[in-house]
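As structure tokens, the structure follows; a few thoughts come after it.
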Amino acid sequence: MNETELRRWLGERAPEQLPIDLRAGVLAIPGRAPRVWPTLGSWRITTATIAIGLAVVVAGTLLLRGSAQIGPGPSPSASASVNPTKTSTPSLSPTPLIVAISSPGVTAEATPPVTFPALPPPAIPIDWTAFVSPIYGYTAGHPSGWSVRSATHAAFLGEPSLGPTSTAFDYFYDPAKLVPDQYHFPGPGAIIVGAGQLLSGPIGNGPATVPPSAQTLPYWWHILEPCPNDVPSTTEYDVMVDGEPAWLIRCTLEFGSKLAYAGFVHDGKFWGAVASVDAHDPSYARLREFLATFTFGDYRASSHSLTGPFAGSCDMRDQSVRAKPRLAYRP
Amino acid sequence: LIERKLAVTGGMSREAAFASLADKHLASSYRLAAVILGDPVDAQDAVHDAFVAAWRAWHSLRDPDRFEAWFGKILVNTCRNRLKRVRRRNVVDISHEISRSPGDDLAGAVDRRAISDAFAVLTPDQQIVVVLRFYADLTIDEIAVRVGAPAGTVKSRLHAATGRLRLELTTDAEGITQ
């Protein structure tokens, strides 16, 4: 090998095109607070993480050991018409923005408003199969070749059995990618869905009670799941789920694996969907396709409130908490 | 202080100044990260993370003309940290490395595979100096600024890296001939 060959080989590693979503994401950075919230960061399955993760991301934060592309979501139906959503003034602009929310005593920088793109109403593609969750009541589609392992009970605070053995989540997966272990755990590309009212009650000892909403989800996420190593994830607002604004959060994990989370609130309940992502699906197309088919149903889980070990860390009067800028949806 | 800040950003708000400089250097930064990391998706994450870090440390940039070197140091450090994590992976997709290009001969594809294997043996610090020297065409002094190490250390790393590459490729060639 000579120097010329080495130079040529290095040059071949350089991609020719700049991803459009990377540019949009970078240019949106000044819209954040000076200290960006730590977000989920690198995911590690520890006892504490599992317990806290369930409390917040009921859907499967727990499972995959191991970041969101910007761009238009999938079109589940070519004939579907664009329908105004239930939220305020949707925008067709797909540009995701991350903004800071100020809390008492905190002055956040002025930031542009977040807008959500209008999407077609949920529709299940012809070659997909509809699934109605027996526990959570929602309807969603999945590729016809996929299997579903449905939940047998709703997730609750203190869920004792998480991970592969948990039966509190609906698992959508390609049976060909089952992990060949004793749990037959859904492998790469699987989507896990769960819901709960874990965030609906009064939280902490402070006087301020913040109801669950698209605005407050990131706050609780930040409080309950502090980033273990301060590796920033990316959070975007470019997803709507059955008319509800949702967070799409990309998280780079250990060993270079990635997870994409979608978090949203409907009827006082927090919902979460999570998908593992590999290099072949960097735009989380599968998760977006799934979310585009999602329709809320009738889900009447009992209400929980966050108390006990979480209460102290959720005290709105906690200066260490209040001093941290956090993200929120601002219509 | 305000006057100094305005002077730094040429009268623009710091948000506008950041966006302008980021946009200007984004493509080259992305390519450099991709060459260092060998994975466009990882590079995308690294570049984003680096710009987040840069925004957080924006106050430390005193001269916008030095943005490239200032940000380059942040980017290289981000890639270095990521490389150290990624090195724990056992499986590396090298299919793109050995795919043949139009007009390419089989020997060329094998050469690329051999270079890829040899490059993977280098430490993250060695990989970075090789990329900065032979891809980015930086001088030793410029590399020293990027990696935050003395020029002598950079020289040493570069010497060790090229020697290791040569050794790995020689061994590989002998293995093929046998």
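A quick note: this is a predicted structure, and the numbers were derived from the prediction, not measured. Within every chain, numbering begins at 1; the chains are lettered A, B, ... in the order of the sequence lines, protein sequences first and strands thereafter.
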For residues B:Y30 and A:Q17, determine if any side-chain heavy atom of one lies less than 4.5 Å from a side-chain heavy atom of the other. no
dist B:L165:CG -> A:L6:CG (nearest 0.5 Å) comes out at 6.5 Å
Heavy-atom closest pair (B:V130 atom, A:L10 atom, distance to 0.1 Å) is O-CD1, 4.1 Å
When rounded to the nearest 0.5 Å, the distance separating CD1 of B:I36 from CZ of A:R13 is 9.5 Å
Residues passing the ring-ring contact (aromatic ring centres under 6.0 Å, His included) test with B:Y135, sequence neighbours excluded, are none
Here the side-chain hydrogen bond (donor to acceptor under 3.5 Å, both in side chains) pairs for residues 68-79 of chain B, sequence neighbours left out, are B:S60-B:W70
| Are the side chain of A:R7 and the backbone N or O of B:F134 linked by a donor-acceptor pair below 3.5 Å? | yes
